[in-house]
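The basis for the numbers below is simple: all heavy atoms, side chains too, and nothing from hydrogens, waters or symmetry mates.
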Amino acid sequence: YRDNALLNGGVSIGGHPVLAANIRLPTFTIAFEGDTIAPAPNCVAHHEAVAAQDKALLLTRGSHVGSVVSRRAKDGLWLAIAQWCEARLG
């Protein structure tokens, strides 16, 4: 995310470039305001470039690791992920 590789063709699978603009599957993007691993502005840019009709962006406080493993994560981040998935999978 730091180099926006998904936006500029810097990621490939099986020798084929992967571009955010070609992603059409439902997409749930999570960006943390204090994230230095995947900076929030880069995550937002990726989210906006994804071609999916069904996409959601969760911009929240915290950091990449701390927000995922904290005590509050189960009632915040993990609940939001579960609700998004449940709405699509039933």
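- Between Thr29 and Thr27, the closest heavy-atom pair is OG1-CG2, 3.8 Å.
- Between atom SG of residue Cys43 and atom CD of residue Glu48 there is a gap of 11.5 Å, rounded to the nearest 0.5 Å.
- Annotation for His46 and Ala20: closest pair CD2-CB, 3.7 Å, computed over non-hydrogen atoms.
- Checked by atom type and distance alone, the side chain of Ser12 never pairs as donor or acceptor with a backbone atom of Gly15 at under 3.5 Å.
- Among all heavy-atom pairs drawn from Ala21 and Ala51, the shortest one is O-CB, 3.1 Å.
- The cluster map of Ile, Leu, Val, Met, Phe, Trp and Tyr, joined by side-chain heavy atoms under 4.5 Å apart, puts Leu77 and Leu79 in different clusters.
- Val50 and Val11 fall into different hydrophobic clusters, where Ile, Leu, Val, Met, Phe, Trp and Tyr are joined by side-chain heavy atoms under 4.5 Å apart, directly or via other members.
- Annotation for Pro17 and Gly9: closest pair CB-O, 4.3 Å, computed over non-hydrogen atoms.
- A 6.0 Å sphere centred on CZ of Arg88 holds more than 12 heavy atoms belonging to other residues, nucleotides or ligands.
- Nearest heavy-atom pair, Asn8 versus Leu19, reported as atom, atom and distance to 0.1 Å: C-CD2, 4.1 Å.
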### side-chain contact (heavy atoms from CB on, under 4.5 Å) between Ile81 and Ile30, worked out
CA-CA 9 Å; Ile81 293 169; Ile30 303 164; 3.7 Å; yes

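- When hydrophobic clusters are built by joining Ile, Leu, Val, Met, Phe, Trp and Tyr residues whose side-chain heavy atoms come closer than 4.5 Å, directly or via intermediates, Leu89 is not grouped with Leu25.
- In this structure, OG in Ser67 is found 11.0 Å from CH2 in Trp78, a value given to the nearest 0.5 Å.
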### Task
Walk me through it: do His64 and Thr36 pass the test side-chain contact (heavy atoms from CB on, under 4.5 Å)?
CA-CA 7 Å; His64 196 91; Thr36 57; over 6 Å; no

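- The aromatic rings of Phe28 and Trp84 lie parallel to each other, with less than 30° between the two planes, well short of the 60° mark.
- At distances below 3.5 Å, at least one donor-acceptor pair connects side-chain atoms of Lys55 with backbone N or O atoms of His47.
- Across every non-hydrogen atom of Asp35 and Ile37, the tightest pair is OD1-N, 2.7 Å.
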